[in-house]
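Written out below as structure tokens is the structure these notes cover.
Bear in mind that the values here come from a model prediction, so they are computed numbers and not experimental data. Lettering of chains follows the sequences in order, A, B, ..., and the numbering in each one begins at 1.
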Amino acid sequence: MLDIKRIRDATDEVRERLAAKGAESLLDPLLELDRERRRLLTEVEQLKNQRNVVSKEIGARKKAGEDIASVSAEMRQLGDRIAEADQTVRGLEERFNDHLLRMPNLPHASTPIGVDATGNRVVRTHGEPRAFSFTPKPHWEVGQRLGLFDFERGAKIAGAGFPLFTGAGARLERALIQFMLDLHTTRHGYREVSPPVLVNAASMTGTGQLPKMKDDMYYIGADELYLAPTAEVPVTNIYRDEIMPSPLPVYLTAYTPCFRREAGAAGRETRGLIRVHQFDKVELVKFVEPATSYDELESLVQNAEAVLQALDLPYRVLQLCSGDLSFAAAKCYDIELWAPGHDGWLEVSSCSNFEDFQARRANIRYRDAQGKTHFVHTLNGSGVALARLVVAILENFQQEDGSVVMPPALVSYMGGLDRLTSA
RNA sequence: GGAGAGAUGGCAGAGUGGUCGAAUGCGAGUGAUUGCUAAUCACUUGUACUUGGGUUAACCAGGUACCGAGGGUUCGAAUCCCUCUCUCUCCGCCA
């Protein structure tokens, strides 16, 4: 959430940067609500002040044995007026907060202006797409032939988009999770956590999924819980409503399954593992001091890239343009893997600096050297997302005979298996 | 699921229906002293919102709210009543 004071004081700048995200129409209604809310608030506070002063007098006069009946009656009326005005203020405040919670973060100054993904800028590429002596097959053909997954039975159990991994496919899933967690905890300084994957509404609001993205989440009505779409939600909310223990930064990593309804995406990429309702992901989350957050973003991206480098997969890093930036992000890099069977790039990581946008919503603060509290900056990135990573491995390392060679870094995690065959 | 206990500032922990925004201790900050990897003393130290002054700030003065959340009683509630949530203990069930 944005700082209302900043919106009031630097309205023109805020308007311009909201415009880059196509959200400037939200601004004027919010400011109007803010003015009205403050006007009424001042009125009620004056009434309350009067009540407090007189009540104190009554206490003294009663002690002195004076009759207070007439004043009491007057005060009762004042109390009724206050209750009424309070009601109005509460209504205004509710609407004001709702508007504020629906306002996206402002893009960082380095963000290219654009309306959609076509405006994204390629920052760097790593590795060369492999030259094939045969036509590379899509991952579902490679995997199904090797018995790595069973989409039909997954659909029977839960529905389309809920993959069932089998045999070496299930092992590959587990191996990748283990490999990535090991890398981040031993080489990059992250502390591993294993959080709840069902979260409450306060947590979803804290990271910015609610109220705007309600329809994209699985919701369990009986218990008022949401299935986390990413570990970002439970992990960032670890410190909700807290003053963080010093020193910062704090780096956390977590493996969790992720659940997405993908509402509105019906019919797109329905085949295979590219767009599914449940997938596994290793997530990286950072809590840092504001002055360092953009440096921290760069190292966060590098931590995610290290996974792909270790697996010898060709990838590119994009900086998202203003129009493609997610709701809560100020700056975001996407990492995309080349998938020869799919003949396209696949997003496997999204690394964002949210500045204090999430910290304000979730009320996550730290104490500076002078003991003053400030909002932290939060960052997170996939390190990286499974399913699509599996797609890229199967498609990049497939052989003409239908087998798939394992990247050397993964062999020990696969129990020594260096090649998946249809044995 | 049943029974009981509890929820107060960064932490621990008092609390009388009306100078309680809240004792005390710890922690933290500032200053001083002695000196040596620290100690002692003094003072200070919650947050949010809001009005005015100052102002790309720091800050100053006033007001309101906040003692788990929401409601109620009252001229006045941390303190009394109700509902809810969470935590702990015991019992039951269970991977």
Side-chain angles (χ1 to χ4, degrees), chain A residues 1-14 16-17 30-31 33-101 106 109 194 196-203 205-206 222-225 234 237-248 250 287 290-291 356 359-376:
Chain A
M1 144 173 100
L2 299 178
D3 183 359
I4 184 60
K5 281 183 201 143
R6 183 174 168 204
I7 297 176
R8 285 201 292 255
D9 295 345
T11 308
D12 292 343
E13 189 209 333
V14 170
E16 192 180 318
R17 291 169 69 183
L30 179 79
L31 284 170
L33 271 170
D34 181 48
R35 271 191 292 271
E36 183 63 7
R37 159 189 154 263
R38 279 190 295 156
R39 192 178 64 74
L40 250 102
L41 195 60
T42 310
E43 270 182 41
V44 186
E45 288 186 354
Q46 278 165 2
L47 293 180
K48 285 183 178 172
N49 177 237
Q50 194 185 337
R51 177 173 69 184
N52 288 347
V53 169
V54 176
S55 288
K56 206 165 267 186
E57 274 172 27
I58 289 177
R61 288 167 63 176
K62 212 173 173 184
K63 209 173 263 178
E66 291 180 37
D67 177 48
I68 52 148
S70 66
V71 194
S72 281
E74 233 170 84
M75 282 297 100
R76 202 168 305 140
Q77 279 189 351
L78 180 63
D80 291 343
R81 277 177 66 197
I82 289 174
E84 207 174 299
D86 254 345
Q87 195 78 24
T88 315
V89 169
R90 209 171 310 147
L92 273 169
E93 221 132 59
E94 224 165 88
R95 284 172 57 203
F96 168 77
N97 281 330
D98 188 63
H99 277 249
L100 197 55
L101 285 174
L106 304 177
S194 179
V197 296
L198 271 68
V199 300
N200 56 30
S203 293
T205 306
D223 296 292
E224 298 184 58
L225 291 170
N237 277 283
I238 287 174
Y239 293 109
R240 172 156 51 83
D241 291 321
E242 287 191 35
I243 293 175
M244 293 206 50
S246 53
L248 294 180
V250 169
F287 303 84
D356 64 5
R360 244 171 229 291
R361 292 175 159 247
N363 190 28
I364 305 172
R365 294 172 297 166
Y366 73 102
R367 243 176 241 289
D368 66 20
Q370 281 70 48
K372 289 214 161 214
T373 56
H374 308 275
F375 290 114
V376 301

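- The residue A/Arg39 sits apart from the nucleic acid: no heavy atom pair falls under 4.0 Å.
- Comparing the P positions of B/G62 and B/G68 gives an interatomic distance of 28 Å, to the nearest angstrom.
- Separation of the P atoms belonging to B/U16 and B/A23 is 15 Å when rounded to the nearest angstrom.
- The stretch residues 78-85 of chain A has no heavy atom under 4.0 Å from RNA chain B, so no residue of it qualifies as close.
- Residue whose closest nucleotide on RNA chain B sits further toward the 5' end, between A/Arg76 and A/Gln50: A/Gln50.
- Relative ring orientation between A/Tyr366 and A/His374 is described as tilted, the plane-to-plane angle lying within the 30° to 60° band.
- For the pair A/Glu57 CD and B/U19 C1', the interatomic distance rounds to 14 Å; values are reported in whole Å.
- Note: OH (A/Tyr366) to P (B/G10) measures 17 Å, nearest angstrom.
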task = Any chance you could lay out the side-chain contact (heavy atoms from CB on, under 4.5 Å) test for A/Asn363 and A/Arg240, step after step, and finish with the verdict?
result = CA-CA 6 Å; A/Asn363 190 28; A/Arg240 172 156 51 83; 5.7 Å; no

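- By the 4.5 Å heavy-atom criterion applied to side chains, A/Leu100 and A/Leu33 are not counted as neighbours.
- Atoms CZ (A/Arg51) and C1' (B/U74) sit 10 Å apart, rounded to a whole Å.
- The stretch residues 89-100 of chain A participates, sequence neighbours left out, in these side-chain hydrogen bond (donor to acceptor under 3.5 Å, both in side chains) pairs: A/Arg37-A/Glu93, A/Asp98-A/Arg102.
- Nearest heavy-atom pair across A/Phe375 and A/Pro290 is O-CG, 3.8 Å.
- Going from atom CD of A/Gln46 over to atom C1' of B/A65 covers 16 Å, rounded to whole Å.
- Among residues at least two apart or in separate chains, side-chain hydrogen bond (donor to acceptor under 3.5 Å, both in side chains) pairs with a member in residues 45-55 of chain A are A/Lys48-A/Asp86.
- A salt bridge between A/Asp34 and A/Arg38 is present, with a side-chain N of the basic residue lying under 4.0 Å from a carboxylate O of the acidic one.
- One can place CD1 of A/Ile58 at 4 Å from C1' of B/C75, the figure rounded to the nearest angstrom.
- To the nearest 0.5 Å, atom CG of residue A/Leu248 and atom CZ of residue A/Arg367 are 12.5 Å apart.
- Here B/A65 is the nucleotide among B/C75, B/A65, B/G63 with the atom lying nearest to any side-chain atom of A/Lys48.
- For B/C75 and B/C91, the C1' atoms lie 48 Å apart once the distance is rounded to whole Å.
- With P as the reference atom, B/A38 and B/U79 are 45 Å apart, rounded to whole Å.
- Rounded to a whole Å, the OH atom of A/Tyr239 is 17 Å from the P atom of B/G10.
- Atoms CD (A/Gln77) and C1' (B/U74) sit 16 Å apart, rounded to a whole Å.
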key: Per-nucleotide protein contact string for nucleotides 49-60 of chain B (B base, S sugar-phosphate only, - none; heavy atom under 4.0 Å)   = SSS-------S-

inquiry  = Wobble G-U and Watson-Crick pairs count when both distances are under 3.5 Å; given that, what is the 5' to 3' dot-bracket string of RNA chain B, with | for pairing to other strands?
reply    = ((((((((.[[[..)..(.....]]]((((((((...))))))))((((((((.....)))))))).[[[[[..)....]]]]])))))))....

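- Taking the C1' atoms as reference points, B/G13 lies 14 Å from B/G27, given to the whole Å.
- Here the separation of B/U83 from B/U89, taken at their P atoms, is 25 Å to the nearest Å.
- As rounded to the nearest Å, B/C86 and B/U40 have C1' atoms that lie 43 Å from one another.
- No hydrogens or angles considered: nothing links the side chains of A/Arg361 and A/Thr205 as a donor-acceptor pair under 3.5 Å.
- Dashed line: the shortest gap from a side-chain N or O of A/Asn49 to OP1 or OP2 of B/G63 is not under 4.0 Å.
- Using P as the reference atom, B/A61 and B/A7 are 35 Å apart when rounded to the nearest Å.
- The nucleotide whose nearest atom lies closest to any side-chain atom of A/Arg90 is, among B/U64, B/C75, B/G71, B/G71.
- Between A/Glu84 and A/Arg81, none of the side-chain N atoms (NZ, or NE/NH1/NH2) sits under 4.0 Å from a carboxylate O, so this pair counts as no salt bridge.
- At a threshold of 4.0 angstrom between heavy atoms, the contacts of A/Lys56 with the nucleic acid are absent.
- In this structure A/Arg6 satisfies the side-chain contact (heavy atoms from CB on, under 4.5 Å) test together with A/Asp3, A/Glu13, A/Arg17, A/Leu106, sequence neighbours excluded.
- Here the CD1-CG distance, from A/Ile364 to A/Asn237, works out to 6.5 Å after rounding to the nearest 0.5 Å.
- Taking atom NZ of A/Lys62 as the reference point, atom C1' of B/G18 lies 9 Å away to the nearest angstrom.
- Ion pair A/Asp9/A/Lys5 not flagged as a salt bridge, since none of the NZ, NE, NH1 or NH2 atoms sits closer than 4.0 Å to an Asp/Glu carboxylate oxygen.
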